S.K.: 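Have a look at the structure that comes next, please.
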Amino acid sequence: GVEAGTTAAWMARHGGMYERATRHPFTVSIREGTVDLATFRRWLGQDYMFVKEFVAFLASVLLKCCRQTEGLDMEIILGGLTSLSDELSWFKKEAEKWSVNLAEVSPLRSNTEYCRFLQSFSEPEISYTVAITTFWIIETVYQDSFAFCIEEGNKTLPELLGTCQRWGSPEFKQYCQSLQRIADRCLENAPADAVRSAEEAFLRVLELEIGFWDMSSSQS
Ligand code: HMH
């Protein structure tokens with residue numbers, strides 16, 4: 001199963017970093033019902049910008065998939081693109097609900113840094129293995145973070161439950177697990193240097209996710 005793979009070994013080896021990304025004070029404050037709503041609005045505007053760049057990233061993952069592998073991966077990635085399309089509509093609706101003017105949002109530094117990292121995947125030299133592993137961990141950080149906000153004992157505000165369910169739902173978890181199986185299969189068959197690059201990208205994502213949460217919750 002999923003548990004025996006390379007990605008699970010990384011999550012164990014880098015457990016501290018993974019925990020910092022998925023149990024960040026910002027998302028924990030959502031779960032505790034103490035989140036500052038100005039902070040939530042800032043996250044919403046910044047994440048909308050991020051997701052637009054994430055679409056372009058996923059297009060590059062899809063392209064590498066088509067060039068490098070056979071099998072059912074393509075359908076799962078296409079499903080991912082469809083769900084990002086829904087996500088963009090969701091952001092627009094949610095922004096209206098929270099009176100966030102998306103046209104006026106400009107990216108903060110950590111967001112720009114993360115987007116630059118995503119853009120680097122358009123280079124054909126970056127392998128499908130590294131790209132799909134990166135995609136998996138990006139989605140998984142959100143899945144794990146927001147699932148915690150709707151787990152037993154949460155005091156999440158009712159008006160934030162929709163956001164948490166978007167990424168915290170059992171369906172989204174299953175989707176992340178199917179990405180994990182693809183990543184593990186690729187990693188099993190990849191040369192050692194590709195595995196090393198994928199692990200570096202995994203750690204870089206955790207770092208960038210922590211920076212993204214920090215950026216959203218900092219008062220400056
Ligand atoms: C910063 N990471 C960030 N935003 C997202 N929307 C996701 C991951 C997952 O979709």
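Since the structure is predicted, the reported quantities are computational estimates derived from the model, not experimental observations. Indexing begins at 1, ligand by ligand and atom by atom, following the structure's order.
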S.K.: For Tyr114 and ligand 1, does the shortest N/O to N/O distance drop below 3.5 Å?
M.R.: no
S.K.: Between Trp167 and Trp90, what is the ring plane arrangement, given parallel below 30°, perpendicular above 60°, and tilted in between?
M.R.: perpendicular
S.K.: At what distance is the nearest protein heavy atom to atom 6 (N) of ligand 1, and which residue and atom is it?
M.R.: Asp47 OD2, 3.0 Å
S.K.: Testing the 3.5 Å rule here: is there a donor-acceptor pair between the side chains of Tyr114 and Glu209?
M.R.: yes
S.K.: Check the orientation of Trp43 and Phe40. Use parallel for under 30°, tilted for 30 to 60°, and perpendicular for over 60°.
M.R.: tilted
S.K.: In terms of residue, atom name and distance, what is the protein heavy atom nearest to atom 5 (C) of ligand 1?
M.R.: Tyr142 CE2, 3.2 Å
S.K.: What is the ring orientation for His24 with Trp213, classed by angle as parallel under 30°, tilted 30 to 60°, or perpendicular over 60°?
M.R.: tilted
S.K.: Tell me whether the rings of Phe135 and Phe57 are parallel (<30°), tilted (30 to 60°) or perpendicular (>60°).
M.R.: tilted
S.K.: For atom 9 (C) of ligand 1, grab the closest protein heavy atom and report residue, atom and distance to one decimal in Å.
M.R.: Glu139 OE1, 3.1 Å
S.K.: Has Arg23 got its NZ or CZ under 6.0 Å from the middle of the six-membered ring of Phe148, at an angle within 45 degrees of the ring axis?
M.R.: yes
S.K.: Starting from atom 2 (N) of ligand 1, what is the nearest protein heavy atom, named by residue and atom, and what distance separates them?
M.R.: Glu209 OE2, 2.6 Å
S.K.: By number and element, which atoms of ligand 1 are closer than 4.0 Å to a non-hydrogen atom of Phe54?
M.R.: 10 (O)
S.K.: Using a 4.0 Å heavy-atom cut-off, say whether Val141 meets ligand 1 through its side chain, its backbone, both or neither.
M.R.: neither
